[in-house]
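For reference, the structure is listed below as structure tokens.
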Amino acid sequence: MSKFTDQQYLKTDQYKDATNLNARVLIHQRFSTNPYGWVNWVFDHLLKLPANAKIVELGCGPGYLWKENADRIPPTWDITLSDLSSGMLDSAWRNLVVTGRNYKFKEINAREIPFEDETFDAVIANHMLYHVPDRRKALSEMRRVLKADGRLFTGTLGRDHMRQMWDQLERVAPIQRETITSAFTLENGTAQLQEFFPRVDVFRYEDNLRVTDISAIVAYVRSMTSTAEFSEEQYQSIEREFAEAMKKNGEIFITKDSGMFVA
């Protein structure tokens with residue numbers, strides 16, 4: 001089984017806590033060309049939900065979506081945050097307990113959602129469906145727990161996401177750049193969702209990176225599942241590659257390709 005869908009590896013290694021994800025998020029926070037921010041953009045779509053909405057997020061990670069939008073959350077929403085990883089849930093609790101809001105936290109595998117049929121007005125599953133080994137089962141479960149007029153909000157990546165970074169990595173070592181993006185992307189996600197949802201809309205978030213700190217991109221690369229088996233020599237070669245590009249251009253431009261389905 002690929003590490004990208006190995007649930008044990010994801011729980012006990014890649015996402016045992018927020019360290020790796022934080023390294024990847026940081027580069028977007030510092031160097032994105034779109035100042036509005038991904039989590040703000042996602043939350044704009046959620047504001048179409050009813051005032052008394054019952055919501056579950058699958059794969060909530062450290063709770064970025066709710067932490068960054070704490071002052072925008074309707075007080076009457078009922079919110080359950082879940083993740084496959086207990087370490088991630090602990091990070092989410094620590095980030096959100098200071099807000100004083102009564103979130104519910106639950107460890108959940110998306111293929112077996114422990115709620116009754118038609119429980120929720122919204123299921124949120126951002127940047128996680130490509131990690132699920134049986135997406136049909138997970139999507140079936142998501143549809144089951146949604147009310148008849150409920151909505152699934154699921155963010156993912158497109159085939160050009162971080163393209164220039166992958167080009168640099170391939171100069172150093174053989175690497176499977178499509179391992180994640182080929183599973184559930186902005187290009188192929190519609191067909192997968194339409195098996196369970198009568199209407200599927202896709203929205204793209206316009207953004208890129210202009211990186212001016214080599215250490216930030218090296219930290220990103222070191223945090224990736226794709227490079228987990230790299231030697232220290234290979235990491236140093238990657239750093240030299242990026243340093244040369246930075247010296248030549250004054251920055252490292254990286255295409256971002258991300259968006260969200262609302263089903």
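- Not one N or O on the side chain of Arg111 forms a donor-acceptor pair closer than 3.5 Å with the backbone of Arg135.
- There is a side-chain donor-acceptor pair under 3.5 Å between Ser32 and Lys256.
- A side-chain N or O of Gln14 and one of Thr225 form a donor-acceptor pair less than 3.5 Å apart.
- Asn126 and Tyr64 are not linked by any side-chain donor-acceptor pair at a separation below 3.5 angstrom, with hydrogens and angles left out of the test.
- A ring-centre distance under 6.0 Å is found for Trp77 and Phe43.
- Checked against the 6.0 Å centroid threshold, Phe184 and His131 do not count as a close aromatic pair.
- Every residue meeting the ring pair (Phe, Tyr, Trp, His ring centres under 6.0 Å) condition with His127, not counting sequence neighbours, appears here in chain and number order: Trp38.
- A donor-acceptor pair is defined here as one N or O able to donate and one able to accept, closer than 3.5 Å; no such pair exists between the side chain of Ser237 and the backbone of Val172.
- Side-chain N or O atoms of Arg222 include none that pairs as donor or acceptor with a backbone N or O of Ala219 at under 3.5 Å.
- Using modelled atom types and a 3.5 Å distance limit, the side chains of Asp44 and Tyr36 yield a donor-acceptor pair.
- Here the options are Val42, Asn95, Val39, the test is side chain to side chain contact (heavy atoms under 4.5 Å, CB included), and the partner is Glu68; only Val39 passes.
- Side chain of Tyr205 to backbone of Gly37: a donor-acceptor contact under 3.5 angstrom is found.
- Distance alone, capped at 3.5 Å, places no donor-acceptor pair between the Arg94 side chain and the Leu89 backbone.
- If you look at Phe153 and His45, their ring centroids are not closer than 6.0 Å.
- Of the options Thr80, Thr119, Leu49, a side chain to side chain contact (heavy atoms under 4.5 Å, CB included) to Lys54 is made by Thr119 and by none of the others.
- A donor-acceptor distance shorter than 3.5 angstrom exists from the side chain of Asn22 to the backbone of Ala18, with no hydrogens or angles considered.
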